[in-house]
Amino acid sequence: MKTRPSKELTIGVLALQGAVREHIRMLERCGVKAREIKVVSQLEGIDGLIIPGGESTTIGKLIVKYGFVEPIKRLAESGIPIYGTCAGLILIGESVTRGEQPLLNLMDITVERNAFGRQTESFETDLKIGTLGGGPFKGVFIRAPLIEKTGQEVDVMADVSGKPVMARQRNLLVTAFHPELTDDTRIHDYFIGMVKEA
Amino acid sequence: MVEESTVRVKRGLAEMLKGGVIMDVTTSEQAKIAEDAGAVAVMALERVPADIRAAGGVARMADPVVIQAIMDTVTIPVMAKARIGHFAEAQALEAMGVDYVDESEVLTPADEENHINKWDFKVPFVCGARNLGEALRRLGEGAAMIRTKGEAGTGNVVEAVRHARTINREIKWVSTLNDDELMAAAKELRAPYELVAEVKKIGALPVVNFAAGGIATPADAALMMFLGVDGVFVGSGIFKSDDPPARAKAIVEATTHYTDPKLVAEVSKGIGTAMKGLEISEIPEENLLQTRGW
């Protein structure tokens with residue numbers, strides 16, 4: 001498998017709403033180019049896409065309003081890696097168990113929104129993520145979702161009390177937590193690895 | 001080990017609201033309209049600031065029945081206002097499970113010397129500020145998010161602009177100082193030394209800063225985003241206009257695409273008349289809300 005040097009890669013961050021800046025900072029620290037995506041034409045030429053945390057209902061509405069649904073589906077089908085954090089996970093999932101909203105239906109997972117409760121139940125915890133190597137990863141969970149059910153092709157990479165909070169299906173990666181709010185670049189590096197191999 | 005309500009988790013929720021619009025609502029019906037329009041959160045209160053201004057009397061925390069109804073109606077975060085210094089109201093809001101408390105000058109202050117010790121709470125707080133010193137005093141008390149005060153209930157953006165520009169100018173000033181000038185700066189700003197040093201180091205506030213107080217149109221929202229705020233609160237501006245759902249949607253889109261003037265113009269069409277608005281100089285000084293808070 002051929003891989004490309006990091007500096008030749010451009011990873012887009014969907015910038016309709018949410019924690020965009022933090023992902024861009026992480027990507028730049030990892031040595032790749034980052035591009036804010038506000039309109040569909042900016043998807044042209046990206047090697048990977050991050051759908052950030054934010055309010056999933058808001059981002060979902062803006063994705064529909066600005067015609068992102070089909071272009072993002074085409075990117076996913078063409079094998080471009082896509083990584084969703086928190087709200088991004090909800091949008092990438094196939095169905096949600098609570099509350100209706102427009103979804104991209106990319107990944108074979110069922111998602112429970114706000115699964116841990118309201119903000120006062122938000123928390124940090126050490127996660128064991130075998131794939132990453134090194135010590136535990138600080139998982140920052142903010143009104144976070146959980147993955148309720150996973151399809152056969154989905155590889156669960158981390159869990160909290162037996163419930164999946166990080167998973168991969170081919171070129172799709174999701175986390176219910178926010179690595180972009182930490183200084184730990186291992187998950188972003190892992191995603192960049194997926195992009196290099198795509 | 002699980003740690004709840006850390007500083008990172010409290011500030012983190014505000015990070016997730018960036019680029020979005022938080023709307024004042026007084027009923028669950030309004031909350032639904034706000035959510036459908038794409039609000040990132042709603043602020044539950046008894047009356048919108050324009051009505052508080054008109055009604056006079058003491059403005060307090062909203063009725064818990066109404067707050068609960070709003071929480072049961074929408075899935076986006078629900079914020080609610082407590083009076084300045086009224087930690088018992090804030091405790092009640094926390095016990096109900098609201099997602100953020102706004103210790104707000106829009107309500108009648110309960111303490112004319114002290115703000116709430118916000119470190120004591122699991123629920124995060126947002127507080128208003130007119131300048132950097134005020135913002136840093138609130139952070140020193142444990143606030144996890146800042147907003148400009150503006151002049152609530154006026155539909156006049158001039159004070160929000162003044163406060164955003166003041167905070168920007170003072171951050172720039174602090175960034176230029178030498179380390180041996182920081183204590184004098186802290187004295188001048190009446191702000192904790194450590195936080196002044198942090199502002200110098202990162203060249204910004206260490207928390208998310210939204211605009212609030214007088215935003216009434218999509219262009220107002222765009223203007224505030226250009227001034228570097230992370231998002232906007234709209235209080236009376238939506239539900240005191242003649243077509244709240246259309247105006248709410250337009251303000252959401254203008255906030256996302258504030259750098260696109262064509263889009264701001266387009267979304268501003270056909271959304272009816274904005275709230276009437278008040279000229280600040282015609283408000284008697286004792287009726288200004290922004291001077292509340294210490």
Side-chain angles (χ1 to χ4, degrees), chain A residues 14-23 36 38-39 52-66 85-88 90 96 98-102 113-114 116-127 136 138-145 160-161 177-178 180-183, chain B residues 1-23 34-42 71 73-79 93-101 121-125 144 204 208 230-231 249 252-253 255-260 263 267:
Chain A
L14 191 67
L16 297 172
Q17 191 272 314
V20 175
R21 197 157 65 211
E22 288 70 18
H23 277 293
E36 273 193 26
K38 285 203 172 222
V39 292
E55 267 311 307
S56 55
T57 47
T58 307
I59 300 176
K61 281 175 205 306
L62 293 169
I63 280 180
V64 172
K65 172 88 193 180
Y66 292 102
T85 50
C86 197
I90 295 169
V96 277
R98 216 187 281 168
E100 282 172 55
Q101 61 195 313
R113 298 180 61 205
N114 301 339
F116 298 95
R118 305 193 71 97
Q119 172 62 15
T120 46
E121 272 84 50
S122 292
F123 63 97
E124 300 183 21
T125 191
D126 288 334
L127 298 171
K138 182 66 85 182
V140 182
F141 292 81
I142 297 174
R143 286 173 45 96
V160 168
S161 316
F177 52 94
H178 295 282
E180 78 282 7
L181 296 184
T182 71
D183 288 323
Chain B
M1 195 181 79
V2 174
E3 299 170 274
E4 285 190 342
S5 303
T6 58
V7 168
R8 177 154 53 188
V9 159
K10 287 176 168 177
R11 292 181 179 182
L13 177 56
E15 302 287 352
M16 298 307 141
L17 304 178
K18 280 188 307 205
V21 182
I22 300 169
M23 301 181 191
E35 184 175 62
D36 288 344
V40 289
V42 289
M71 287 168 57
T73 303
V74 296
T75 62
I76 55 178
V78 176
M79 303 182 164
L93 293 172
E94 178 178 68
M96 291 185 63
V98 303
D99 297 295
Y100 241 92
V101 173
F121 288 77
K122 283 177 72 181
V123 68
F125 280 74
V208 164
D230 297 307
K249 268 193 199 112
V252 168
E253 289 186 48
T255 303
T256 299
H257 291 288
Y258 68 96
T259 54
D260 182 348
L263 187 138
V267 301

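Fair warning: this is a prediction, and the values are worked out from it, not measured in the lab. Just so it is clear: chains get the letters A, B, ... in the order the sequence lines come, proteins before strands, and each one is counted from 1. Side chains included, hydrogens not; waters and symmetry mates left out as well; all remaining heavy atoms used.
Here the shortest heavy-atom pairing between Arg8(B) and Lys138(A) reads NH2-CG, 3.3 Å. Closest approach of Leu62(A) and Thr256(B) over heavy atoms only: CD1-OG1, 3.4 Å. The minimum heavy-atom distance between Leu263(B) and Tyr66(A), with the atom names listed, is CD1-OH, 3.5 Å. The nearest pair of heavy atoms linking Ile76(B) to Thr57(A) is CG2-OG1, 3.1 Å. Listed here is the closest heavy atom pair of Gln119(A) and Asp99(B): N-OD1, 2.9 Å. Closest of all the heavy-atom pairs between Thr75(B) and Arg113(A) is OG1-NH1, 3.1 Å.
Counting heavy atoms from C-beta outward, Met1(B) and Thr125(A) have side chains that stay 4.5 Å or more apart. A heavy-atom distance below 4.5 Å is found between the side chains of Glu55(A) and Leu17(B).
Note that CE of Met16(B) is 13.5 Å distant from OG1 of Thr58(A), once rounded to the nearest 0.5 Å.
Neither the backbone nor the side chain of Asp260(B) comes within less than 4.5 Å of any heavy atom of chain A. If you measure heavy-atom distances from Ala41(B) to chain A, you find no contacts under 4.5 Å at all. Contact of Leu181(A) with chain B is made through backbone and side chain together, with heavy-atom distances under 4.5 Å.
Of the listed residues (Val123(B), Val40(B), Val2(B)), the one with the most heavy-atom contacts under 4.5 Å to chain A is Val40(B). Counting heavy-atom pairs closer than 4.5 Å to chain B, the top-ranked of the candidates Lys38(A), Glu121(A), Arg143(A), Arg21(A) is Arg143(A). Note on Pro52(A), Ser122(A), Ala19(A): by heavy-atom pairs under 4.5 Å with chain B, the leading option is Ser122(A). Put simply, of Ala39(B), Ala37(B), Pro77(B), the one with the most heavy-atom pairs under 4.5 Å next to chain A is Pro77(B).
Ala144(B) meets the side-chain contact (heavy atoms from CB on, under 4.5 Å) test with Lys10(B), Arg11(B), Tyr100(B), Pro124(B); sequence neighbours excluded. Taking Met71(B) as the reference, Arg118(A), Ile67(B), Gln68(B), Val78(B), Val98(B) meet the side-chain contact (heavy atoms from CB on, under 4.5 Å) condition, with sequence neighbours excluded.
Each of Glu180(A), His178(A), Glu22(A) was compared with Glu15(B) under the side-chain contact (heavy atoms from CB on, under 4.5 Å) criterion, and only Glu22(A) meets it.
Here the side chain of Gln17(A) pairs a donor or acceptor atom with the backbone of Lys18(B) at under 3.5 angstrom.
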